[in-house]
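Each chain gets a letter, A, B and so on, in the order its sequence line appears, and its residues count up from 1. Treat the numbers as computed from the prediction; the structure is a model and nothing was measured.
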Amino acid sequence: MSKEITSRAQDYAQWYNDLVIKGGLADYSAVRGCMVIKPYGFALWENMQAGLDRMFKDTGHVNAYFPLFIPKSFLSKEAAHVEGFAKECAVVTHYRLKNDPNGGGVVVDPEAKLEEELIIRPTSETIIWNTYKDWIQSYRDLPLLINQWCNVVRWEMRTRLFLRTAEFLWQEGHTAHSTKEEAVAEAEKMLDVYATFVEEFMAVPVIRGIKTISERFAGAEDTYCIEALMQDGKALQAGTSHFLGQNFAKAFDVKFLNKENQLEHVWATSWGVSTRLVGALVMAHSDDQGLILPPKIAPLQVVIVPVYKGDEKKAEINAKAKEIMNQLKNLGVRVKFDDNDNNRPGWKFAEYEMKGVPVRLALGARDMEKNVIEVARRDTKEKKVVSLDGIAQYVEGLLLDIQHGLFNKAKAYRDAHITQASNWDEFEKLLDEKGGFISAHWDGTAETEATIKEKTKATVRCIPLNNPKEDGKCILTGKPSTQRVLFARAY
RNA sequence: CGGGAGGUAGUUCAGCCCGGUAGAAUACGUGGUUUGGGACCACGGGGUCGCAGGUUCGAAUCCUGUCCUCCCGACCA
């Protein structure tokens with residue numbers, strides 16, 4: 001009762017906020033644009049980190065850590081890069097405080113002005129390439145495949161929990177290669193890692209694609225992306241991978257001697273996903289009762305709720321519940337036995353639904369007599385009475401079913417929301433009435449893209465990889481086009 | 001950064017227009033009865049009313065400034 005959630009139909013944005021706050025994922029903080037990630041939300045992020053980190057290691061990457069502060073002069077070395085980030089950088093100008101002589105607490109000590117200001121990293125290309133310069137001499141030093149897990153700061157005008165905050169957590173991979181082909185292959189490989197992770201762990205289907213020039217990363221030659229679709233029909237960029245060409249190598253003078261003993265600039269990539277993934281997860285699966293989390297990354301996969309009638313069966317029920325908990329633990333299932341006596345079963349049912357725990361087991365005296373247990377799955381709300389014999393294996397299988405069920409449901413929704421538009425009226429109508437991705441011809445110019453954005457707020461989300469060629473006419477200008485691209489309104 | 005709304009008990013909010021002892025529900029603590037979809041009774045603890053100034057005999061209430069949040073826009077992962 002005290003934790004009612006606004007329905008999606010009533011106010012989608014408020015629904016999302018309610019889930020994040022009432023589901024215990026995060027809190028607002030005293031700092032503008034910054035949030036506190038609470039233990040339950042952080043556990044989600046940790047599970048994402050664990051899955052991704054394993055995949056990075058399996059593809060030959062190692063972790064390192066570079067400074068939070070970047071000398072201002074570094075940022076200006078790559079023209080497009082500065083352009084892209086200059087407007088949203090936090091700058092450190094002083095290094096000391098002192099007591100206010102007027103008694104107003106502490107003030108910045110004007111004596112302690114930094115000779116060169118430090119930028120709090122919005123991303124680390126510059127500091128990393130400045131470092132790589134010293135690490136790379138020969139083709140034998142390549143490829144250099146490094147990732148870092150860290151926080152970054154981008155001073156955003158308008159923030160939303162997880163989706164866009166001034167400070168956020170992410171990983172950024174930065175690699176150096178001896179050939180263009182190898183660097184492009186790396187960028188594509190990491191996009192594939194992201195897509196696999198998001199689909200298999202988060203159960204969120206994505207479209208792999210390439211960004212248009214106006215949407216690509218500042219300083220990149222090509223930006224690859226995975227785009228997901230949220231339940232309100234808006235697209236969300238879930239991860240990006242960039243082929244940086246030799247832009248940063250040239251800006252920071254990073255050269256290597258090739259086998260022919262000639263100096264060449266190295267080829268680069270960078271790629272990242274952030275805590276934004278938590279937002280994507282929430283919006284992809286959840287319903288009006290609360291969160292729905294896929295088993296593979298749910299902090300808690302199973303909860304066991306005991307149901308008593310008086311005290312006499314209590315010890316017996318608890319003993320059995322603990323036995324089931326241990327069986328599940330032995331199978332590697334993240335399980336909790338909630339024997340808290342302060343809340344009644346009904347309260348617990350609602351609470352764990354809000355928190356999105358995939359499977360709930362309820363065990364009472366009636367069940368004990370019949371050697372059964374009630375199994376409820378969060379995604380479909382289906383309840384079933386199942387024999388206690390082999391219950392752990394049953395639950396293990398059910399978790400897999402739920403994982404697949406969530407993905408299939410999200411994919412069916414996504415596929416049903418990729419619609420072709422053949423003329424402008426249809427295009428606008430689809431955006432307003434149906435949402436989702438609109439597959440349409442575009443003349444390939446930035447001007448047209450900008451005009452469409454101005455008129456409809458929709459942008460080209462991506463040109464899908466392996467996009468079929470097809471002659472057609474631009475939806476706006478009627479000029480010739482060789483392929484359809486995906487438009488959508490986006491987060 | 002523009003427009004709108006808001007900040008009072010852990011939470012949701014009333015009180016503010018019209019200045020005069022800070023309230024409700026819920027949550028929390030204790031005891032008891034309960035427990036198959038958000039239990040009930042009794043007693044109890046808890047708020048310098050976002051913060052800082054000002055007006056006043058007196059400010060949650062009026063004035064000024066400032067910080068933070070939400071929604072809509074411009075910008076963006």
Under 4.0 Å, counting only non-hydrogen atoms across every strand here, what does [X] touch: a base, just sugar-phosphate, or nothing?
| X | value |
| --- | --- |
| A:Tyr491 | nothing |
| A:Thr6 | nothing |
| A:Gln237 | sugar-phosphate |
| A:Ala365 | base |

- Please tell me which of A:Lys348 and A:Thr240 maps to the more 5' nucleotide of RNA chain B, matching each residue to the nucleotide holding its nearest heavy atom.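 Taking each residue's closest nucleotide, the earlier one in sequence belongs to A:Lys348.
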- With nearest nucleotides of RNA chain B determined for A:Lys87 and A:Glu353 from heavy-atom distances, which residue corresponds to the more 5′ nucleotide?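 Residue closer to the 5' terminus by nearest nucleotide: A:Glu353.
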Whole Å only: how far is the [atom1] atom of [X] from the [atom2] atom of [N]?
| X | N | atom1 | atom2 | value |
| --- | --- | --- | --- | --- |
| A:Asp338 | B:G37 | CG | P | 16 Å |
| A:Lys453 | B:C75 | NZ | C1' | 8 Å |
| A:Ile5 | B:U11 | CD1 | C1' | 15 Å |
| A:Met157 | B:G73 | CE | P | 16 Å |
| A:Asp341 | B:U33 | CG | P | 12 Å |
| A:Met230 | B:A77 | CE | P | 17 Å |
| A:Leu163 | B:A77 | CG | P | 14 Å |
| A:Glu374 | B:G37 | CD | P | 9 Å |

With [atom1] as the reference atom in both, quote the distance from [N] to [M] in angstrom, rounded to an integer.
| N | M | atom1 | value |
| --- | --- | --- | --- |
| B:U11 | B:G38 | C1' | 15 Å |
| B:A5 | B:G45 | C1' | 34 Å |
| B:C70 | B:G36 | P | 38 Å |
| B:A59 | B:A22 | C1' | 13 Å |
| B:A25 | B:G47 | C1' | 16 Å |
| B:G2 | B:A77 | C1' | 24 Å |
| B:G37 | B:C1 | C1' | 48 Å |
| B:C28 | B:G46 | C1' | 9 Å |

Is there a Watson-Crick or G-U wobble partner for [N] with both distances under 3.5 Å, and which nucleotide is it?
| N | value |
| --- | --- |
| B:U30 | B:A42 |
| B:A24 | B:U12 |
| B:U64 | B:A52 |
| B:G47 | none |
| B:C1 | B:G73 |

Side chain of [X] only, please: which of [options] is the nearest?
| X | options | answer |
| --- | --- | --- |
| A:Met354 | B:G38, B:A39, B:A77 | B:G38 |
| A:Arg366 | B:G36, B:G38, B:C75 | B:G36 |
| A:Ala350 | B:U35, B:G38, B:A77 | B:G38 |
| A:Glu156 | B:U35, B:C75, B:G38 | B:C75 |

Report yes if the distance between the aromatic ring centroids of [X] and [Y] is under 6.0 Å, otherwise no.
| X | Y | answer |
| --- | --- | --- |
| A:Trp129 | A:His81 | no |
| A:Phe56 | A:Trp271 | yes |
| A:Phe217 | A:Phe85 | yes |

- Task: For RNA chain B, find the residues of residues 290-309 of chain A with a heavy-atom distance under 4.0 Å and give them by number; none if there aren't any.
- Result: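 Listed by number, they are A:Val307, A:Tyr308.
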- Quick one: do A:Glu353 and A:Arg360 satisfy salt bridge (charged side-chain N to carboxylate O under 4.0 Å, His left out)? Show the steps, please. CA-CA 9 Å; A:Glu353 271 163 22; A:Arg360 180 187 74 227; 3.1 Å; yes
- Between A:Arg344 and B:A39, does any side-chain N or O lie under 4.0 Å from OP1 or OP2?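 Indeed, a polar side-chain atom of A:Arg344 lies that close.
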Expected rows: protein N/O vs nucleotides 69-72 of chain B N/O, under 3.5 Å:
residue	atom	partner	partner atom	Å
B:U69	OP1	A:Gly33	N	2.6
B:C70	OP1	A:Tyr28	OH	3.4
B:C70	O3'	A:Asn17	ND2	3.2
B:C71	OP1	A:Asn17	ND2	2.9
B:C72	OP2	A:Arg158	NH2	2.2

- Lys/Arg-Asp/Glu bridge criterion (N-O < 4.0 Å) met for A:Arg489, A:Asp432: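 A salt bridge links A:Arg489 with A:Asp432.
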- Item | Parallel, tilted or perpendicular, as decided by the 30° and 60° cut-offs, for the rings of A:Phe248 and A:Phe252 |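 Answer is parallel, since the angle falls under 30°.
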- Task: Evaluate the ring planes of A:Phe243 and A:Trp267, with Trp represented by its six-membered ring, and classify them as parallel (under 30°), tilted (30 to 60°) or perpendicular (over 60°).
- Result: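 Parallel, since the angle between the ring planes stays under 30°.
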- Query: Does A:Asp367 get its side chain close enough to the base of B:G36, under 3.5 Å, for a donor-acceptor pair?
  - Reply: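 When only heavy-atom distances are counted, A:Asp367 does reach the base of B:G36 through a donor-acceptor pair under 3.5 Å.
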- Query: Would you say the base of B:G37 and the side-chain of A:Lys383 have a donor-acceptor pair closer than 3.5 Å?
  - Reply: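 A donor-acceptor contact between them is present.
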- Apply side chain to side chain donor-acceptor pair (under 3.5 Å) to A:Gln14 and list each qualifying residue two or more places apart in sequence or on a separate chain.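 Expected list: A:Asp18.
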- Any donor-acceptor N/O pair, A:Glu227 side chain to A:Cys462 backbone, under 3.5 Å: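 Checking the backbone N and O of A:Cys462 against the side chain of A:Glu227, no donor-acceptor pair under 3.5 Å is found.
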Within the supplied structure, the quantity of interest is the number of heavy atoms (other residues, nucleotides, ligands) at a distance under 6.0 Å from [X] [atom1]; does it exceed 12?
| X | atom1 | answer |
| --- | --- | --- |
| A:Glu454 | CD | no |
| A:Lys434 | NZ | yes |
| A:Lys234 | NZ | yes |

